[in-house]
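Let me begin by presenting the structure, written as structure tokens, before commenting on it.
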Amino acid sequence: MKLSLNSDVIRKQRPLVKKETSRSITYRLPSNVVEELEIEAKNKKISHNVLVKQVLEKYLVWDRYSDKLGIIPVPKKILEVMGQNLDLIQINQVIDSLKPIIKESVLYMKGSYDLKRCIETLEEYMRASGMLSDHRVEGQNHRFIIQHQLGVKWSLFTEYLLKETFGEFLPEMQIKFQTTEHTVIASVALGSDWNEHED
């Protein structure tokens with residue numbers, strides 16, 4: 001049997017790249033900082049310019065808000081161990097406690113609160129945390145893929161949180177989930193033109 005892929009059938013949802021102007025700017029940095037940047041850029045096989053741009057963009061998108069919102073980095077292993085002891089009632093209690101915090105955080109970071117801003121903020125959180133995520137569009141259907149490597153309880157937590165998030169804005173919408181020990185895939189028909197990076 002011969003398989004062929006039509007590039008229009010499955011496409012990855014990417015942030016809209018607006019045409020932006022650029023300008024050159026010079027900063028004076030300590031020699032050891034420059035040396036560390038050079039080593040890191042070489043290890044990543046990218047230019048110094050690209051590395052510094054990535055660092056600054058991450059700061060502007062996420063890091064500058066984390067202190068103000070009380071977000072602290074927690075080692076992955078600690079979350080994994082904590083998750084092993086959670087039962088379904090506790091998972092729901094944590095989600096109920098988080099919902100108003102998420103709303104306040106999205107309002108503060110994005111200036112409005114809707115499904116698009118929630119999904120966009122969730123994606124930014126996962127990128128900042130080093131989790132793998134992807135958003136694919138197949139016709140009218142959108143697939144949100146999250147790979148956390150934290151165990152089955154965190155998969156259930158992620159599934160329930162996504163159900164609550166979509167349910168708040170689209171209570172009639174049917175969402176299908178594929179959930180494994182380390183991965184959650186949420187499939188929902190949002191339409192071919194829906195994009196969380198658009199206003």
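All values below come from the heavy atoms of this structure, side chains included, with hydrogens, waters and symmetry mates left out. All figures in this text were calculated on a predicted structure; none of them were measured in a lab.
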Contact summary for Gln174 and Val188, nearest pair of heavy atoms: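 Nearest pair, atom of Gln174 first, then Val188: O-CG2, 4.0 Å.
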Neighbour count above 12 (heavy atom, 6.0 Å) for Ile89 CD1: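 No, CD1 of Ile89 has 12 or fewer neighbouring heavy atoms, counting only those of other groups under 6.0 Å.
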Neighbour count >12 (heavy atoms, 6.0 Å) for atom OH, Tyr113: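 Yes, OH of Tyr113 has more than 12 neighbouring heavy atoms, counting only those of other groups under 6.0 Å.
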Derivation of the side-chain contact (heavy atoms from CB on, under 4.5 Å) call for Tyr27 and Ile25: CA-CA 7 Å; Tyr27 290 105; Ile25 190 166; 3.6 Å; yes
No-hydrogen, no-angle side-chain donor-acceptor test under 3.5 Å, Glu123 and Ser133: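 Ser133 and Glu123 do not have a side-chain donor-acceptor pair below 3.5 Å.
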Test item: side-chain donor near acceptor, His148 and Thr158, under 3.5 Å: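 Checked: His148/Thr158 side chains show no N/O donor-acceptor pair below 3.5 Å.
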Within-4.5 Å side-chain heavy-atom neighbours: Thr183 and Gln149: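 No, their side chains stay 4.5 Å or more apart.
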Any side-chain heavy-atom pair of Trp194 and Lys116 under 4.5 Å: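 Answer yes - side chains close enough.
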Audit row: Leu115, Leu170, side-chain contact (heavy atoms from CB on, under 4.5 Å) steps and yes/no: CA-CA 9 Å; Leu115 181 60; Leu170 303 168; 3.6 Å; yes
Sub-6.0 Å ring centroid separation between Phe177 and Phe144: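 Distance test on ring centres: not under 6.0 Å, no.
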Ring center gap for Tyr65 and Tyr59 short of 6.0 angstrom: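 No, ring centres 6.0 Å or more apart.
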From Arg117, His135, His142, residue fulfilling side-chain hydrogen bond (donor to acceptor under 3.5 Å, both in side chains) relative to Glu196: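 So the option named by the test is His135.
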Distance in Å, Ile39 CD1 paired with Lys44 NZ, rounded so as to fall on 0.5 Å steps: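 Reported to 0.5 Å precision, the distance equals 14.0 Å.
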Aromatic ring pairing Phe157/Trp154, orientation class (parallel under 30°, perpendicular over 60°, tilted between):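 Rings of Phe157 and Trp154: perpendicular, as their planes differ by over 60°.
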From CA spacing to verdict: side-chain contact (heavy atoms from CB on, under 4.5 Å), Met109, Glu124: CA-CA 11 Å; Met109 292 174 70; Glu124 289 166 1; 4.1 Å; yes
I'd like to know if [X] and [Y] make a salt bridge, using a cut-off of under 4.0 Å between side-chain N and carboxylate O.
X      : Y      : answer
Glu181 : Lys153 : no
Lys42  : Glu38  : no
Lys76  : Glu80  : no

